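The model shown is predicted, which means the values in this text are computed figures rather than measured ones. Naming: A, B, ... by sequence-line order, numbering from 1 per chain.
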Amino acid sequence: MSDDRLLEVRDLKVEFHTRDGVVKALNGVSYGVDAGETLAVLGESGSGKSVTAQAIMGILDMPPGRIAGGEILFQGQDLLTLGREERRRIRGPRMAMIFQDALSSLNPVLSVGWQLGEMFRVHRGASRQEAKARAVELMERVRIPAARQRVNDYPHEFSGGMRQRIMIAMALALEPDLIIADEPTTALDVTVQAQVMELLADLQREYRMGLILITHDLGVVADVADRIAVMYAGRIVENAPVKELYATPAHPYTQGLLDSIPRLDQKGSELYAIRGLPPNLLRIPDGCPFHPRCPRVRDVCRTELPPLYAVSPEVTTDPGAEADAAGADAAGSDAVGSDAVGPDAVSPDAAPLAGADVTEVPAVGERSSACHFWKETLDDVHRHSS
Amino acid sequence: MAESTREPILEVRNLVKHFPLTQGIVFQRQVGAVRAVDDISFELYPGETLGIVGESGCGKSTVAKLLMSLERPTSGEIFYKGEDISRLSGRALKAVRRNIQMVFQDPYTSLNPRMTVGDIIGEPFEIHPEVAPKGDREAKVRELLDVVGLNPEYINRYPHQFSGGQRQRIGIARGLALNPEIIICDEPVSALDVSVQAQVINLMEKLQDEFGLSYLFIAHDLSIVRHISDRVGVMYLGKMVEIGSDSAIYDHPTHPYTQALLSAVPLPDPDAREGRERIILTGDVPSPANPPSGCRFRTRCWKAQDRCSEELPVLAVPQRFADADTAVAHESACHFAEEKPHVAHA
C-alpha cells in the first residue's frame with residue numbers, strides 16, 4: 001500500500017431488507033483514493049455509487065440497510081469497527097460530503113451563516129460570534145459575492161449555483177482530508193456547472209484533498225478525474241486511469257457507455273445502444289451481472305462471476321497502447337509489493353486467477369476489469385482505433 | 001435541404017408570454033411580469049427536427065406549452081399550415097391538437113399510475129374516436145406498443161411495472177396514437193440513464209423516418225441535440241439569441257452566449273482537457289421578471305459595451321456575414337457577432 005493511500009474500501013457488501021426481499025446494493029466493492037487524487041465513481045442509477053459513499057460517511061440508513069461485510073480503511077483505521085461517537089468525530093473534520101440537491105440538503109429555516117458556523121461550534125467549540133466570522137470567510141473562499149451582507153440569508157434566497165457553493169463551503173469548513181461529492185453539479189445548468197467544477201478543482205489542489213466524485217456524466221469525469229471506477233449492479237467492473245479508460249476500455253459495459261455518446265461523425269446514423277435494462281437488485285443475474293446485456297457473452301459468463309482481473313498491458317501488440325501501459329505498469333509494480341494481483345500474476349490466457357484473493361484492492365494506478373474476456377475487449381478496441 | 005422552397009408546417013411569429021406578478025390578497029394588482037417568452041419567431045418544416053437549447057428558466061418549456069395551447073400567448077401568432085391556432089378554442093382547437101402531440105420529460109409523473117398501459121395509450125382515442133373506432137382500439141394499442149419496441153402482451157400492466165426507459169416508450173406511443181404530424185418533445189431523455197438514452201433517441205429517429213414526423217426537440221444536453229437536430233435554436237432569458245443549421249450553431253457560433261454554452265459542456269475526452277479554451281461565465285442568469293435593458297446577455301458578456309445596454313440586438317444574419325457562403329451566415333442576435341476560434345464543441 002502506498003503511503004499516500006487515504007481511503008481504501010475492501011470488499012464492501014451492503015444489503016437492504018425490504019418487504020419484497022433482500023436488495024443487494026453492494027456486492028463486494030473495492031476501491032482506493034490517494035491524498036490529492038480525484039477518483040470518479042461512474043455508474044447508472046442503482047449501481048450502488050451513492051450507497052458506497054453513504055457507507056463510507058457512516059450515514060447509511062440502518063435499518064433497512066445492513067453492512068454485510070468488508071472493510072473501510074480511512075488513514076489505516078477501519079471505520080466499521082468504530083462506535084457512533086468516534087464516527088461523528090471523523091465526519092466533518094476529516095471527511096465531508098457534498099450532496100446533489102443543495103436546496104433539500106440545507107435546512108430551510110436556518111440562515112446559511114448559522115449552518116456554516118455549526119461546524120465550528122460543534123467540532124471546534126467556537127462561540128457564535130466567532131463561528132459567524134468563520135462562515136463569512138468560508139463564503140468568500142467559495143466566491144460568493146457580498147458574503148458579509150448575505151451571511152444571514154436563508155437557503156431559498158440563493159440561486160442553485162450559489163447554494164451548491166454553500167454546500168461546498170460547508171464540506172470544506174474544517175479542511176477535511178477527504179471529500180465525497182455525490183453528483184455535485186447534476187442539478188445545475190452547464191454554465192454554472194463549469195463554475196462549480198472549477199471551484200472544486202481549485203480548492204482540492206489548494207488543500208491537497210482526496211476527492212471522490214460520484215457521477216453518471218462521462219463528460220464531467222473526463223474533465224476532472226485522475227482515475228475512474230465504473231460500477232454496475234453493486235460491483236466495480238472497471239478501474240483505470242482516466243485517459244486509458246477513454247482510449248481503451250477493458251470492460252464491455254464501459255465500452256458500451258462510451259460508444260453510446262453521440263459523436264460528430266455519427267450524425268444521422270443510429271447511436272450505439274446497450275441493449276436491455278440495468279438489473280433489478282432483488283434478482284441479480286447469475287454469473288456476470290452484465291451478461292444479459294453484453295455483446296460478448298459466452299457460456300462461462302452465465303455461470304461464473306468474474307473477479308477483478310488486473311489488466312496487464314503486455315498482451316496487446318499495439319505500439320500506442322504499450323506507451324500508455326508503461327506508465328500504469330510502473331505505478332503498479334512499486335505499489336503492489338507482495339500483493340497477488342500484480343500484473344505478473346495474470347496468466348496470459350485470462351483464466352480466472354487461480355488462488356488469488358479476488359477481493360484484493362487493486363493497487364493505485366493499476367488497471368483492472370471484471371470481465372472474463374477483458375483481453376478480447378481490449379484487442380477489439382485497438383482494432384477499431386487503428 | 002432547400003428549406004426556403006418548402007412551406008413551414010409550424011410558424012411562430014413574435015410570440016410573447018408574460019406571467020403577471022401580483023400583490024395583495026383581496027385587491028390584486030399587477031406589480032410586474034415574468035417575461036418567460038419575449039418576442040420569439042421561428043419555423044418548423046415538415047420532417048425536420050428543430051432543437052431548442054438553453055439553460056433552465058430561459059423559456060423553452062413555456063414555448064412548448066404555448067405550441068400545445070396549454071398556455072395562451074400574451075401576444076403573437078402560431079401558424080399551423082397557415083392558420084393561426086393561438087386563439088382557437090373548442091372544436092377547432094381539438095382538431096388542431098390531434099396533429100400536435102407532446103412527449104414529456106418525466107416518465108414517472110406523466111403517466112397516470114392508476115391506469116393500465118392500454119388505457120393510457122388508448123385514451124387519445126376517447127377524445128378523437130374518428131381515428132380508431134371502438135372495436136379497433138385494442139388492436140391499435142397493441143400495434144403502437146409493438147412500434148415503440150414494447151411487448152404487446154404488456155397492455156394490461158400498470159406504469160410502475162416498467163423502468164424509466166420503458167415508460168418513456170409508453171409516453172411516445174401515446175404521442176403517436178393519433179398519427180400526429182408534429183411531436184413536441186420536452187427533455188424526453190434527460191430523466192433516463194445514459195445507457196437507455198441512446199435506445200430512446202434511436203427509437204425517435206426511426207419513428208421520424210417511418211411516419212414523416214416533425215420534432216421540436218427541447219433539451220439541455222447539447223450533444224444529443226446536435227445528434228438529432230437539423231436546425232438548432234439557442235434561447236436565453238426568453239429570447240432566441242441564435243438559430244441556424246446544426247453545423248452553423250455548433251461549428252460556427254457567432255453569439256457569445258452560444259460560444260460560452262458550448263465551451264462549458266464537459267467533453268467525454270480526457271485529451272481535450274488541456275487544449276481547449278473555456279469561457280467560464282460569471283454570475284447567474286438574471287431574473288426574467290426584471291431582465292437587463294438592451295441585450296439580455298450583456299450582464300454576463302465579456303464583449304458588452306454601452307451600445308448593448310441601449311439597443312436591443314435583433315435576430316438576423318449579421319451584416320458582415322451576409323455574403324459569406326459558409327454556415328457562418330445564420331441569424332444571431334448580437335451587435336458584435338463574430339466567430340471565435342477554438343471553441344470546443346459538444
Heavy-atom proximity to chain A below 4.5 Å, by part of B/D246
side chain
Flag for A/R143-B/T282: side-chain donor and acceptor within less than 3.5 Å:
no
Pick one of side chain, backbone, both or neither for A/P278, based on which atoms fall under 4.5 Å of a heavy atom in chain B.
side chain
Can you tell which part of B/L281 gets under 4.5 Å to a heavy atom of chain A, answering side chain, backbone, both or neither?
both
Quick check for you: among B/I280, B/I224, B/N202, B/V196, which has the greatest number of heavy-atom pairs under 4.5 Å with chain A?
B/N202
Report which part of B/Q166 has an atom under 4.5 Å of a heavy atom belonging to chain A: side chain, backbone, both, or neither.
side chain
Does A/R293 make a cation-pi contact with A/Y253, if we ask for NZ or CZ under 6.0 Å from the ring centre and within 45° of the axis?
no
Do A/R165 and A/Q195 meet the criterion of a side-chain donor-acceptor pair at a distance under 3.5 Å?
yes
No-hydrogen, no-angle side-chain donor-acceptor test under 3.5 Å, A/S369 and A/E238:
no
Are B/D251 and B/R226 ion-paired here, with the side-chain N under 4.0 Å from a carboxylate O?
yes
When A/D217, A/V224, A/L218 are compared by non-hydrogen pairs under 4.5 Å with chain B, the top option:
A/V224
Using non-hydrogen atoms only, which part of A/V190 is less than 4.5 Å away from chain B: side chain, backbone, both, or neither?
both
